[in-house]
Amino acid sequence: MTPPEQSQRQAEEQRDPSLSTIMSERRQLLNLAYRLLGSLADAEDVVQETYTRWYAMSPAEQEAIESPGAWLTKVAGRICLNLLGSARARRVAYVGQWIPEPLPDPAEWIGGAAGGAGVDPADRITLDESVTMAFLVVFESMTPAERVAFVLHDVFRYPFAEVAEIVGRSPAACRQLASSARRRVTAARAGASPDAARQASVVRRFKAAWEAQDIEALISLLDPRATAISDGGGRALAHPLPIEGAGQIAHLYLTIARLAPPRTILERTVNGLPGLVVESGGRIETVFAFEVDDDRITRIWAVRNPDKLRPWGQA
């Protein structure tokens with residue numbers, strides 16, 4: 001949030017004390033919507049629409065709501081549920097592979113830790129394992145109802161009675177949805193542990209090997225069954241299919257290093273874990289997220305779609 005926006009909010013809160021209570025829910029809503037949709041831009045739209053619906057009510061209607069926070073969450077959750085249904089149809093027509101929108105962090109990571117000073121806490125996604133790229137990719141395999149039930153209950157600790165009101169099913173049905181989603185997460189995340197310090201060491205060595213064009217070092221840092229996925233969305237050059245195998249990935253990245261124009265590879269935090277950002281001509285062109293298991297990279301996600309990288313230009 002910019003200083004002028006902060007000043008405007010403070011002035012509005014002085015005129016309407018209840019505004020402070022309502023706006024204090026913003027970060028919670030943003031955290032929820034991002035995990036449900038995998039898109040920061042869409043999450044911000046959901047939060048805006050949620051507040052629009054709140055202020056469309058009369059003061060009497062607002063005062064009649066016992067818990068504004070619960071009301072806002074319910075509305076945001078239902079908007080996300082509807083969007084998830086339509087998003088599935090849009091993904092069918094998406095050009096190439098679809099990867100969730102990566103979360104920016106303006107700070108370098110040092111030993112796995114990131115800074116982030118200067119970012120308004122009210123506008124920042126709270127980072128935990130449920131916001132890592134690996135987790136968000138697993139979310140994509142769920143049905144919209146499973147995703148909403150799991151995120152609300154397992155991540156945000158909402159009771160199933162409240163989840164049921166948002167999903168439009170019985171508490172027992174929501175319990176089953178969350179259980180099914182939990183099994184998907186357990187199966188997909190078996191063996192992987194998001195240890196930031198360990199990942200920082202592996203990613204830093206990967207960066208050094210890539211810059212040195214050392215194919216043997218690259219292969220040694222990749223799990224033999226590693227997978228690399230790139231998302232250009234038809235807007236940037238990207239491999240249309242996942243690349244599988246350490247050798248295949250290493251050769252591809254070595255080719256990129258040899259043919260690409262001059263660029264800078266930066267160590268940046270991506271969705272709460274050490275990642276890499278490629279900058280060329282003052283423009284962010286690729287954001288890399290990694291999954292590391294047993295000191296080897298098991299998955300690489302390379303986001304190149306410029307629509308998904310807009311927040312990185314502001315980081």
Side-chain angles (χ1 to χ4, degrees), residues 27 30-32 34-40 43 97-117 119 121 124-141 151 154-155 185-186 188-211 218 221-223 225-231 242 246 249 253 264-279 284-305 308-309 311-312 315:
R27 182 168 61 174
L30 191 60
N31 273 284
L32 172 65
Y34 176 74
R35 284 166 174 78
L36 289 177
L37 302 176
S39 166
L40 186 57
Q97 303 296 307
W98 189 92
I99 298 175
E101 183 179 323
L103 272 180
D105 192 304
E108 292 186 67
W109 44 263
I110 302 172
V119 179
R124 210 177 156 184
I125 300 292
T126 301
L127 301 177
D128 59 33
E129 188 180 2
S130 70
V131 83
T132 63
M133 190 63 73
F135 236 98
L136 293 176
V137 169
V138 176
F139 287 165
E140 288 299 309
S141 69
V151 170
D154 284 44
V155 178
V185 169
T186 300
R189 304 284 292 120
S193 56
D195 184 309
R198 176 174 291 183
Q199 179 154 321
S201 174
V202 175
V203 172
R204 181 167 285 143
R205 282 183 280 148
F206 179 86
K207 172 179 177 285
W210 193 12
E211 291 176 322
L218 284 174
L221 290 164
L222 292 162
D223 184 271
R225 296 170 295 178
T227 302
I229 300 175
S230 56
D231 176 350
I249 295 171
Y253 278 56
T264 304
I265 303 177
L266 306 169
E267 297 176 350
R268 292 290 183 268
T269 299
V270 181
N271 288 69
L273 288 173
L276 298 174
V277 170
V278 173
E279 185 180 73
I284 301 297
E285 64 173 32
T286 312
V287 171
F288 291 92
F290 299 86
E291 182 178 61
V292 174
D293 180 25
D294 196 22
D295 292 328
R296 286 193 173 184
I297 295 170
T298 54
R299 294 179 186 272
I300 302 175
W301 295 279
V303 180
R304 293 181 48 78
N305 185 340
K308 296 183 178 183
L309 299 181
W312 287 82

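Keep in mind it's a predicted model, so treat the numbers as computed, not measured. What's counted below: heavy atoms across the whole structure, side chains too, no hydrogens, waters or symmetry copies.
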Here the pair of heavy atoms bringing Ser141 nearest to Val138 is OG-O, 2.6 Å

Within the 4.5 Å heavy-atom criterion, are Asp223 and Asp293 side-chain neighbours or not?
no

So CD1 of Ile284 and CZ of Arg304: to nearest 0.5 Å the spacing works out to 12.0 Å

Here the pair of heavy atoms bringing Ala43 nearest to Leu37 is N-CD1, 4.2 Å

Residues Pro274 and Ala196: closest non-hydrogen pair is CG-O, 3.4 Å

So CZ of Arg205 and CD1 of Ile297: to nearest 0.5 Å the spacing works out to 9.0 Å

request  = Indicate whether any N or O donor in one side chain lies under 3.5 Å from an N or O acceptor in the other, for Thr264 and Glu279.
outcome  = no

* Asked: If you measure only the distance, is there a donor-acceptor pair under 3.5 Å linking the side chains of Thr227 and Arg299?
  -> no

CH2 (Trp312) and CG (Leu40) are apart, to the nearest 0.5 Å, by 11.0 Å

Tightest non-hydrogen contact, residues Gln97 and Ser230, listed as CB-O, 3.5 Å

Distance col, row Phe139:CZ vs Arg35:CZ, nearest 0.5 angstrom, shows 8.0 Å

Any side-chain heavy atom of Pro102 sitting closer than 4.5 Å to one from Leu309?
-> yes

* Asked: Going by heavy atoms in the side chains, are Val303 and Glu101 under 4.5 Å from each other?
  -> no

Exercise. When you check the side-chain N and O atoms of Asn31 and Arg27, is any donor under 3.5 Å from an acceptor?
Worked result: no

Measure the shortest side-chain to side-chain distance between Leu221 and Trp210 over non-hydrogen atoms and say whether it is less than 4.5 angstrom. no

ask   = Tell me, do Leu222 and Ile300 make a side-chain contact under 4.5 Å, heavy atoms counted?
value = yes

Tightest non-hydrogen contact, residues Leu136 and Ser130, listed as CD2-O, 4.0 Å

* To do: Flag the pair Phe288 / Val278 as yes when at least one side-chain heavy-atom distance between them is below 4.5 Å, and no otherwise.
  => yes

When rounded to the nearest 0.5 Å, the distance separating CZ of Arg204 from CD of Gln199 is 12.0 Å

| said: I'd like to know if the side chain of Thr298 reaches the main chain of Glu291, judged simply by a donor and an acceptor atom lying under 3.5 Å from each other, with no hydrogens or angles considered. | reply: yes

Closest heavy-atom pair, Thr286 versus Ala302, reported as atoms and distance to 0.1 Å, is CG2-CB, 4.0 Å

Less than 4.5 Å apart, any side-chain heavy atom of Leu276 and any of Glu267?
-> yes

Here the gap from Thr132 atom OG1 to Leu103 atom CG, rounded to the nearest 0.5 Å, amounts to 10.5 Å

Look at the side chain of Lys308 and the backbone N and O of Asp231, then say whether any donor-acceptor pair between them is shorter than 3.5 Å.
no

(message) Over 60° means perpendicular and under 30° means parallel, so tell me whether Tyr253 and Phe206 are parallel, tilted or perpendicular.
(response) perpendicular

